[in-house]
Student: 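Supplied in structure tokens, the structure appears directly below.
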Number of protein chains: 2
Amino acid sequence: MTHDNDGSPDLTRGMRLLWRAENGARRGPKPALDLDRIVQAAIEIADADGLMGLSMRKVADRLGVGTMSLYTYVPAKAELVSLMLDAVDAEGVLPHTVEGSWRAKTESWAREDWRLYHRHEWTLHASGRHPLGPNTMRRFDSALRSLAGTGLPEAEIVAVADVIDTYIRGMARRSVEMRDREQRTGVSEAQWWAEHGPMLDEYLAGDAFPAVREVRAAGAFESDLDSFEYGLQRILDGVEGRIEAAG
Amino acid sequence: MTHDNDGSPDLTRGMRLLWRAENGARRGPKPALDLDRIVQAAIEIADADGLMGLSMRKVADRLGVGTMSLYTYVPAKAELVSLMLDAVDAEGVLPHTVEGSWRAKTESWAREDWRLYHRHEWTLHASGRHPLGPNTMRRFDSALRSLAGTGLPEAEIVAVADVIDTYIRGMARRSVEMRDREQRTGVSEAQWWAEHGPMLDEYLAGDAFPAVREVRAAGAFESDLDSFEYGLQRILDGVEGRIEAAG
DNA sequence: CCCCAACTCAGTACGGTGTACGAAGTGAAG
DNA sequence: CTTCACTTCGTACACCGTACTGAGTTGGGG
């Protein structure tokens with residue numbers, strides 16, 4: 001409903017904010033806040049209370065301003081979340097600076113992302129496709145550089161980065177959900193199985209689920225195999241095959 | 001806050017609902033609804049409006065009852081979503097019935113899940129860890145059976161299923177987000193690039209992002225490579241390596 | 001210098017959410 | 001018939017994002 005100067009819908013406003021390319025205000029009172037302070041406060045709240053616990057009222061309260069004041073800096077909550085996501089990507093080591101083979105670099109990148117997702121769980125609950133900000137871009141570029149010397153076609157390099165990133169996100173989501181549930185309900189994974197296991201075994205009692213029965217009997221659900229690491233290695237194995245074929 | 005008959009928190013209520021193991025009511029008026037009708041109505045709403053568009057009021061309206069009546073059948077919205085997820089898993093072909101190698105069966109399962117996620121997008125926005133219902137269990141069992149004859153240790157079989165499932169979820173999420181954005185904003189992927197591309201290129205102009213510049217110049221972002229299929233094949237390549245080593 | 005346009009700040013209000021609570025009606029068991 | 005477990009549902013509460021509006025502030029053009 002808001003109309004801007006040239007009549008076109010403001011598709012690029014979000015990106016201009018991310019790259020801090022807003023043309024500075026000319027007139028009017030000095031702003032009491034700036035974007036970075038707002039983003040910082042919002043990240044602190046999201047770290048503590050999750051993305052659901054993040055509200056514009058809370059951000060404003062923490063900064064000691066009225067709720068609606070935030071809307072002079074940020075057009076909507078979605079744009080704020082974009083800014084938060086990009087800010088988080090400023091943390092962490094850039095993978096292409098790591099010593100070693102493409103595989104060592106890529107592993108480093110994957111594990112770094114894994115840690116970032118665990119440090120800022122709320123990033124997992126934000127939708128994946130956001131306008132690219134400078135920090136996200138820098139991490140993406142660094143990841144691509146890890147694969148640049150492999151002889152893989154450019155389209156495959158992008159696909160590999162895409163696939164690994166998606167995989168990490170998915171596994172991290174699973175992991176933090178498990179961790180959250182434990183500390184929210186106070187019921188550990190072991191306790192959950194102790195509570196639900198017998199009921200589950202009752203339902204499994206027939207011959208409707210033979211394979212599940214078998215792996216459960218073999219103790220596969222209590223295995224200490226690290227699924228994240230296992231899957232990462234399988235993906236890299238597959239990529240290695242392509243690199244050998246291409247080289 | 002609600003206390004139940006024996007004082008223990010009702011941890012198993014959700015699972016009893018899923019497996020339809022509620023002890024039938026004895027006294028009182030005949031229920032006007034049943035669980036399946038509620039779940040069905042909720043799925044229809046979620047298919048149309050997404051999980052965000054699903055509200056208890058809407059479900060009740062569709063069924064012509066008062067909102068709070070639903071709470072005699074379902075303790076909370078979270079449990080309703082669990083029931084919806086399990087109901088969806090009743091659709092689709094069970095992979096172990098497919099002809100062919102373990103790889104053919106697993107591919108079939110992966111693509112079937114991919115389709116299911118696209119048919120019911122809202123399943124992607126529900127948290128991953130839910131109490132296991134009978135239909136989910138049946139699909140899980142079938143997936144495990146696809147890998148049962150490979151000689152892989154049980155713990156690895158579970159890990160492979162876990163990894164592939166997580167991968168599919170992640171890629172499907174990305175895919176439907178893209179599709180949604182297109183039809184919600186009316187801006188196609190190509191239009192988005194036409195709009196944002198030049199601005200992006202401007203930010204990329206320095207030498208800060210050499211790898212991104214390179215792959216963009218090579219047209220890797222417009223490539224018609226199917227990322228989902230590419231990543232799936234890489235994972236299966238990796239698993240094949242383990243199977244050969246184990247066999 | 002002065003004034004007013006441009007800008008910041010914020011109070012109120014709206015339409016939405018999940019669900020706790022309690023009253024009223026129903027029908028099978030004792 | 002009485003009792004009371006059970007179903008139904010209106011109301012209420014505490015939130016949410018943000019549209020709208022008006023008041024206060026200040027820098028640049030005349």
Side-chain angles (χ1 to χ4, degrees), chain A residues 1-5 10 13-14 17 22-35 37-38 41-42 45-46 49-84 122 125-127, chain B residues 1-6 9-10 13-14 17 22-35 37-38 41-42 45-46 49-84 122 125-127:
Chain A
M1 206 47 66
T2 63
H3 57 87
D4 40 50
N5 20 17
D10 206 350
R13 172 82 193 279
L17 279 172
E22 289 280 72
N23 34 5
R26 301 274 164 272
R27 315 268 200 89
K30 296 249 167 73
L33 265 41
D34 63 275
L35 217 45
R37 289 227 300 143
I38 294 174
I45 292 170
D49 303 341
L51 210 58
M52 277 306 183
L54 176 72
S55 76
M56 299 304 267
R57 284 169 174 82
K58 279 195 204 170
V59 177
D61 284 354
R62 172 173 286 245
L63 294 168
V65 299
T67 308
M68 293 315 291
S69 303
L70 300 177
Y71 285 88
T72 49
Y73 300 89
V74 158
K77 193 189 181 186
E79 274 74 11
L80 176 56
V81 173
S82 287
L83 287 161
M84 292 164 64
W122 51 269
H125 301 299
S127 99
Chain B
M1 205 50 62
T2 61
H3 58 85
D4 41 54
N5 20 18
D6 63 352
D10 206 350
R13 172 84 192 278
L17 279 171
E22 290 280 74
N23 35 4
R26 301 274 165 271
R27 312 265 203 89
K30 296 247 167 74
L33 266 42
D34 63 277
L35 217 43
R37 290 226 301 141
I38 294 174
I45 291 170
D49 303 342
L51 209 57
M52 277 306 183
L54 176 72
S55 74
M56 300 303 266
R57 283 169 176 82
K58 279 196 202 168
V59 176
D61 283 355
R62 172 172 287 245
L63 293 168
V65 300
T67 308
M68 293 314 292
S69 303
L70 300 178
Y71 284 88
T72 47
Y73 299 90
V74 157
K77 193 189 180 186
E79 274 75 9
L80 175 57
V81 173
S82 286
L83 287 161
M84 293 164 64
W122 50 270
H125 301 300
S127 99

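Throughout, a chain's letter reflects where its sequence line sits, starting with A, and its residues are numbered from 1.
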Student: Distance check needed: C:dG25 C1' versus B:Arg27 CZ, whole Å only.
Tutor: 16 Å
Student: Between B:Lys58 and B:Gly53, what is the shortest heavy-atom contact and its length?
Tutor: NZ-O, 2.7 Å
Student: Polar atom pairs between nucleotides 13-17 of chain D and protein, under 3.5 Å, N or O only, would you list them?
Tutor:
residue, atom, partner, partner atom, Å
D:dC16, OP1, A:Ser55, OG, 3.0
D:dG17, OP1, A:Leu54, O, 3.4
D:dG17, OP1, A:Lys77, NZ, 3.0
D:dG17, OP2, A:Met56, N, 3.1
D:dG17, N7, A:Arg57, NH1, 2.7
D:dG17, O6, A:Arg57, NH2, 3.1

Student: For a quick test of reading the model, state the closest non-hydrogen atom pair linking B:Tyr73 to B:Pro31 and the distance between them.
Tutor: OH-CB, 3.4 Å
Student: Go nucleotide by nucleotide along DNA chain D from the 5' end; which of A:Thr67 and A:Pro29 gets its closest nucleotide reached first?
Tutor: A:Thr67
Student: Can you give the donor-acceptor pairs under 3.5 Å from side chains of residues 74-82 of chain B to other protein atoms, not counting sequence neighbours?
Tutor:
residue, atom, partner, partner atom, Å
B:Lys77, NZ, B:Leu54, O, 2.9
B:Ser82, OG, B:His130, ND1, 2.7

Student: Quickly work out the B:Leu33 CG to C:dT26 P distance and round it to whole Å.
Tutor: 17 Å
Student: In this structure, how many angstroms lie between the C1' atom of D:dC9 and the CG atom of B:Leu63, rounded?
Tutor: 14 Å
Student: Would you tell me if any nitrogen or oxygen in the side chain of A:Lys30 comes within less than 4.0 Å of OP1 or OP2 on C:dC7?
Tutor: no
Student: Base, sugar-phosphate, or nothing for B:Ala32, non-hydrogen atoms under 4.0 angstrom?
Tutor: sugar-phosphate
Student: Does B:Thr72 put a side-chain nitrogen or oxygen below 4.0 Å from OP1 or OP2 of D:dT8?
Tutor: yes
Student: Is the shortest heavy-atom distance from the side chain of B:Arg62 to the side chain of B:Val59 under 4.5 Å?
Tutor: no
Student: Compare every heavy atom of A:Met84 with every heavy atom of A:Ala46, then report the nearest pair and how far apart it is.
Tutor: CB-CE, 3.7 Å
Student: Taking C-beta and beyond as the side chain, do B:Leu33 and B:Leu70 meet within less than 4.5 Å on heavy atoms?
Tutor: yes
Student: Between C1' on D:dT7 and OH on B:Tyr73, what's the gap in Å once rounded to a whole number?
Tutor: 7 Å
Student: Whole Å only: how far is the CG atom of B:Leu80 from the P atom of C:dG18?
Tutor: 10 Å
Student: To the nearest 0.5 Å, what is the distance between OG1 (B:Thr72) and CD1 (B:Ile38)?
Tutor: 6.5 Å
Student: Expressed as a whole number of angstroms, how long is the span from B:Asp34:CG to D:dT7:P?
Tutor: 13 Å
Student: What closest approach, in Å, do B:Arg57 and B:Thr67 show between heavy atoms, and which atom pair accounts for it?
Tutor: CG-OG1, 3.7 Å
Student: Between the two ends of the helix from C:dC1-D:dG30 to C:dG30-D:dC1, what is the bend in degrees, rounded to 10 degrees, where each end axis spans five pairs?
Tutor: 20°
Student: Using whole Å, what does the distance between atom P of nucleotide C:dG18 and atom CG of B:Asp61 come to?
Tutor: 12 Å
Student: Side-chain N or O of A:Ser69 less than 4.0 angstrom from OP1 or OP2 on C:dA10?
Tutor: yes
Student: Between C:dC21, C:dT8, C:dA29, which nucleotide gets closest to the side-chain atoms of B:Met68?
Tutor: C:dC21
